[in-house]
Amino acid sequence: AAAEGRDVADELAAARRQASLADAFETWLVQHVRAKRKESTLREYRRLFEIEIEPVLGRMALADITRADVTGLHRRLAAKPYIANRVVAITRAFFNWTERQGIRPANSNPARLIEMYRERKRDRLISPEELARLGEALKSEETAQGKALRLSVAASGCAGYEYKIGFDDKKPADKILPQSGFDVVV
């Protein structure tokens, strides 16, 4: 190509822009996410890509994906605001990488400026079955002998709350959770 007077770098960049989102996303996961994030993050990015992003945008060429495409995906997931927001965040991070790699022009990120949905507070309580399994596991721990498992929540700075779990001696003011099969105190 260079011998014919063509710019090899421009041709390579053009070919990369025409690559599908699915192909480039896998490259991003392998080259960038695996090197800079935890394994659990890599798994979650891949899971959300396969379930939510790929079916809608996966076959599109990188150069063809617009803010309207990503906004449409975000709106399709409106009933699941947490998932919708994670999908936009992952997509934004991916397209930032494509810009740094020269695959897309600077400031062309189609996930940029998309307003996130308000997320509802999510609480999950441990089930009696889970608490019983935890109790069985803890009964075998040497550090647990003669102690109770203490769960506590305290107000804390910007984060709002600090959660603690650990072994401790029982105190007269403790509330004991009896259904656990072992002593859990709060």
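The first residue of the sequence shown is numbered 1, and numbering continues consecutively from there.
- Within 6.0 Å of atom CZ in Arg76, 12 or fewer heavy atoms from other residues, nucleotides or ligands are found, so the atom counts as exposed in its surroundings.
- Taking the side-chain contact (heavy atoms from CB on, under 4.5 Å) definition, one finds that Lys36 meets it with His32, sequence neighbours left out.
- Judged by distance alone, with hydrogens and angles left aside, the side-chain atoms of Glu99 form a donor-acceptor pair with the main-chain N or O of Asn107 at under 3.5 Å.
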Just list the side-chain donor-acceptor pairs under 3.5 Å for residues 45-53, sequence neighbours left out, or say none.
from  : atom 1 : to    : atom 2 : distance (Å)
Arg46 : NH2    : Glu26 : OE1    : 3.1
Arg46 : NH2    : Glu26 : OE2    : 2.7
Arg47 : NE     : Glu44 : OE1    : 2.9
Arg47 : NH2    : Glu44 : OE2    : 2.9
Glu52 : OE2    : Lys80 : NZ     : 3.2

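- For the atom pair Asp64 CG and Ser20 OG, the distance stands at 11.5 Å (nearest 0.5 Å).
- Note on Met60: it clusters hydrophobically with Ile114, by side-chain heavy-atom contacts below 4.5 Å among ILVMFWY residues.
- Atoms OG1 and CG, on Thr91 and Leu57 in that order, are 7.0 Å from each other to the nearest 0.5 Å.
- Arg104 places no side-chain N or O within donor-acceptor distance of the main-chain N or O of Phe95, the cut-off being under 3.5 Å.
- The ring pair (Phe, Tyr, Trp, His ring centres under 6.0 Å) contacts involving residues 56-75 comprise His74-Tyr117, where partners must be two or more places apart or lie in separate chains.
- Residues satisfying the side-chain hydrogen bond (donor to acceptor under 3.5 Å, both in side chains) test with Lys38, not counting sequence neighbours, are none.
- For Asn96, the side-chain contact (heavy atoms from CB on, under 4.5 Å) partners are Arg92, Arg100, Asn109, not counting sequence neighbours.
- Within a 6.0 Å sphere centred on CZ of Arg34, heavy atoms belonging to other residues, nucleotides or ligands number more than 12.
- Inter-residue side-chain proximity for Arg118 and Pro81 is flagged as unmet; no heavy-atom pair is nearer than 4.5 Å.
- Residues Trp97 and Gln31 meet the side-chain proximity criterion, which asks for heavy atoms closer than 4.5 Å.
- Applying the side-chain contact (heavy atoms from CB on, under 4.5 Å) test to Glu39 and every residue at least two apart in sequence or in another chain returns Leu42, Arg43.
- Counting heavy atoms from C-beta outward, Phe94 and Leu21 have side chains that approach closer than 4.5 Å.
- Considering Thr71, Leu77, Leu73 as possible partners of Arg75, the one that fulfils the side chain to side chain contact (heavy atoms under 4.5 Å, CB included) test is Thr71.
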